[in-house]
Amino acid sequence: MRAFGHRQNLPLTAPEALLELDLPRPEPQGRDLLVEIRAVSVNPVDVKLRGGRPAPEGQARVLGYDAAGVVVATGPEATLFRPGDAVFYAGDINRPGSNAEFQLVDERIVGPKPASLDFAAAAALPLTTLTAWEMLFDRFGLAEGGGEGQHLLLVGAAGGVGSIALQLARQRTKLTITATASRPETVEWVKAQGAHAVVDHRQPLDQALREAGLPQPELIFAINGTEGHFPALAAALAPQGRIGVIDDPKSLDIGLLKTKSASFHWEFMFTRAAYATPDMQRQHAILAEAARLVDAGTLRSTLSEVLGPIDLPTLREAHRRLESGTARGKLVLQGFA
């Protein structure tokens, strides 16, 4: 089968930064599904792995996480899906990725594809939906319809995770939501996704909130730029508030949170699959509920552009755009050239 990945950590300008691979079609075991890939989206984690995490010595790593496709075979212990089912999922960081014609994935982290979406629009959703959902409802502990009287600050809200977090917070909680964005087009984008107010993250965010007349947030979801923003975020946070982080800051002075008795939360969407946690199947439940919300018109795909087929030139362009830091919504590749 055709697949795409890397053997070395190289800059995107290097010819071998991304490679086309010829690999055997895998066979499902246990609770595996064998999925024929129809569409994938490209995420910052793809770029980070390509550029910074070595592939196993002497081997190639197949990249890609977000995927939508059709189940073609199941392992002997699988019970949630059957061949012919259309599915979507975000994968497992310890297994070969979705940039391939076929992929194995544990059914406990797979959801039924929203019936109202095509494969491209569905592929834009899983990783960002799981990340946003787990932060809001698992890490912050929000209940559906909860958060009344509380203020949420979303830092870097125009990307894939921020776009879904805005929708979920607006549709499933009573939080007042402030998003950060710096360009006219991203300001309009975050307003369309559900932000009540927008501030510019090019200035200290505690100052930006004060100048806008906004209250201290009880919840801060820091999606990117956390290391640079952290002192201002700690100053902005309400006493006994919560900060959640998903990016990779090298160092943070969390002692800044002590006098406020504030809590710090990591969210890493791959944790449940990577450690086979007892609640691993919660990701199946989240994706199934997300599919229901999409089909009900409550949640919208954040697909911004279908770049082209799943091939080397298109993958390279997707990685280039993500490295530029200007991506809005999700970039998707559909079908094999």
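Bear in mind that the values here come from a model prediction, so they are computed numbers and not experimental data.
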### Summary
The complete set of ring pair (Phe, Tyr, Trp, His ring centres under 6.0 Å) pairs with one or both residues in residues 22-44, sequence neighbours excluded, reads none
### Query
Side-chain heavy atoms under 4.5 angstrom apart, residues restricted to Ile, Leu, Val, Met, Phe, Trp, Tyr: same cluster for L34 and F336?
no
### Query
What's the shortest heavy-atom distance between A208 and D200, and which atoms?
CB-O, 4.2 Å
### Task
Without swapping roles, check the side chain of K191 against the backbone of V198 for a donor-acceptor pair under 3.5 Å.
no
Sequence neighbours excluded and cut-off under 3.5 Å, please list the side-chain donor-acceptor pairs for residues 70-86, or say none.
| unit_1 | atom_1 | unit_2 | atom_2 | d |
| --- | --- | --- | --- | --- |
| D85 | OD2 | R82 | N | 2.7 |

## Note on the structure
Taken in chain and number order and not counting sequence neighbours, the residues that satisfy side chain to side chain contact (heavy atoms under 4.5 Å, CB included) with R242 are F140, L219, S263, H265
### Query
If every non-hydrogen atom of P24 is compared with every non-hydrogen atom of M1, which pair is closest and at what distance?
O-CE, 3.9 Å
### Task
Determine which pairs satisfy ring pair (Phe, Tyr, Trp, His ring centres under 6.0 Å) with at least one residue from residues 30-76, sequence neighbours left out, and list them in order.
Y65-F270
### Message
So V87 and V105, do their side chains get closer than 4.5 Å, heavy atoms only?
### Response
no
### Query
Is it the case that one hydrophobic cluster holds both V294 and L136, taking links as side-chain heavy atoms less than 4.5 Å apart, direct or via other members?
yes
#### Entry: Candidate pair L127 and V45, rule side-chain contact (heavy atoms from CB on, under 4.5 Å), full reasoning
CA-CA 10 Å; L127 189 150; V45 65; 4.2 Å; yes
### Task
I would like to know whether L154 and Q193 meet side-chain contact (heavy atoms from CB on, under 4.5 Å); could you show each step before the answer?
CA-CA 12 Å; L154 272 169; Q193 303 305 312; over 6 Å; no
### Query
Who are the ring pair (Phe, Tyr, Trp, His ring centres under 6.0 Å) partners of H151, not counting sequence neighbours?
none
### Task
With salt bridge (charged side-chain N to carboxylate O under 4.0 Å, His left out) as the test, would you mind laying out the steps for E323 and R320 before giving the verdict?
CA-CA 5 Å; E323 285 186 343; R320 184 196 69 77; over 6 Å; no
### Message
For the CG atom of L19 and the CG atom of L315, what is their distance to the nearest 0.5 Å?
### Response
11.5 Å
#### Entry: Value rounded to 0.5 Å, distance of NE2 in H229 from CD in Q203
10.5 Å
### Query
How far apart are the C-alpha atoms of L117 and F88, what are their side-chain angles, what is the distance that settles it, and do they pass the side-chain contact (heavy atoms from CB on, under 4.5 Å) test?
CA-CA 11 Å; L117 297 184; F88 73 149; over 6 Å; no
### Test item: E267 side-chain N/O and E134 main-chain N/O as donor-acceptor pair under 3.5 Å
no
Side-chain polar contacts of residues 3-15 - donor-acceptor pairs under 3.5 angstrom, sequence neighbours left out - could you list them?
| unit_1 | atom_1 | unit_2 | atom_2 | d |
| --- | --- | --- | --- | --- |
| H6 | ND1 | Q8 | O | 3.1 |
| H6 | NE2 | R61 | NH1 | 3.0 |
| N9 | ND2 | L49 | O | 3.3 |
| N9 | ND2 | R50 | O | 3.1 |
| N9 | ND2 | R53 | O | 3.0 |

## Note on the structure
Value for CG (L130) from CD1 (I109), rounded to nearest 0.5 Å, stands at 8.5 Å
#### Entry: Main-chain N/O of A122 paired with S301 side-chain donor or acceptor, under 3.5 Å
no
## Note on the structure
When every non-hydrogen atom of T302 is compared with those of S163, the smallest separation belongs to CG2-CB, 3.4 Å
### Task
Side-chain contact test, heavy atoms from C-beta onward, threshold under 4.5 Å: evaluate it for S304 versus L331 and give yes or no.
yes
### Message
Test: ring pair (Phe, Tyr, Trp, His ring centres under 6.0 Å). Region: residues 103-133. Which pairs qualify, not counting sequence neighbours?
### Response
W133-F137
### Query
To the nearest 0.5 Å, what is the distance between CD (E144) and CG (L168)?
10.5 Å
#### Entry: Donor-acceptor contact present, side-chain D295 to main-chain R292, <3.5 Å
no
### Value rounded to 0.5 Å, distance of CD in E317 from CG in L333
10.0 Å
### Message
Hydrophobic clusters here meaning ILVMFWY residues chained together by side-chain heavy-atom distances under 4.5 Å, can you tell me if V35 and F102 are in one?
### Response
no
### Message
I want to check something: taking the side chain as every heavy atom from C-beta on, are L142 and L175 in contact at a cut-off of under 4.5 Å?
### Response
yes
## Note on the structure
Heavy-atom nearest pair, A39 first then V332, reads CB-CG1, 4.3 Å
### Task
Could you list all the ring pair (Phe, Tyr, Trp, His ring centres under 6.0 Å) pairs where at least one residue sits in residues 158-181, not counting sequence neighbours?
none
### Query
Between CD of Q281 and CD1 of I286, what distance do you get to the nearest 0.5 Å?
11.5 Å
### E27: partners by side-chain hydrogen bond (donor to acceptor under 3.5 Å, both in side chains), with sequence neighbours left out
none
### Query
So with a 6.0 Å cut-off around NZ of K174, is the heavy-atom count from everything else above 12?
no
### Task
For residues K330 and V42, report the shortest heavy-atom separation together with the two atoms involved.
CE-O, 4.1 Å
### Query
Linking Ile, Leu, Val, Met, Phe, Trp and Tyr by side-chain heavy atoms under 4.5 Å, what else ends up with I254?
L153, V155, V199, L205, L209, L214, I220, F230, L233, L237, I243, V245, L252, L256, L257, F264, W266
### Query
Where the side chain of Q103 meets the backbone of P96, is there a donor-acceptor pair that is under 3.5 Å apart?
yes
### Message
If we ignore hydrogens and angles and just use 3.5 Å, is the side chain of D66 paired with the main-chain N or O of N43 as donor and acceptor?
### Response
no
### Task
For E101 and R2, run salt bridge (charged side-chain N to carboxylate O under 4.0 Å, His left out): C-alpha distance rounded to whole Å, both residues' side-chain angles, the deciding distance at 0.1 Å, then the answer.
CA-CA 6 Å; E101 291 181 295; R2 295 174 66 201; 5.2 Å; no
### Task
Answer yes or no: is there a donor N or O on one side and an acceptor on the other, between the side chain of T131 and the main chain of T128, under 3.5 Å?
no
### Message
Are V110 and L287 packed together at the side-chain level, in the sense that at least one heavy-atom pair is separated by less than 4.5 angstrom?
### Response
no
### Summary
Applying side chain to side chain contact (heavy atoms under 4.5 Å, CB included) to A238 and not counting sequence neighbours gives Q216, E218
### Task
Measure from the side-chain N and O atoms of Q283 to the backbone N and O of M269, and report whether any donor-acceptor pair falls under 3.5 Å.
yes
### Message
For A235, give me all partners under side chain to side chain contact (heavy atoms under 4.5 Å, CB included), at least two apart in sequence or on another chain.
### Response
D206
### Message
With heavy-atom distances below 4.5 Å as the criterion, would you say the side chains of L293 and R172 are in contact?
### Response
yes
### hydrophobic_cluster_shared for L104 and Y89, side chain cutoff 4.5 Å
no
### Query
In terms of hydrophobic clusters joined by side-chain contacts under 4.5 Å, are L18 and L21 together?
no
#### Entry: R95 vs D106, salt bridge (charged side-chain N to carboxylate O under 4.0 Å, His left out): CA-CA, chis, key distance, verdict
CA-CA 10 Å; R95 303 187 77 174; D106 190 298; 5.4 Å; no
#### Entry: Nearest heavy-atom neighbours spanning I37 and V40
CG2-CG1, 3.6 Å
### Task
Look only at the side chain of D247 and the backbone of G225, and say whether a donor-acceptor pair between them is shorter than 3.5 Å.
yes
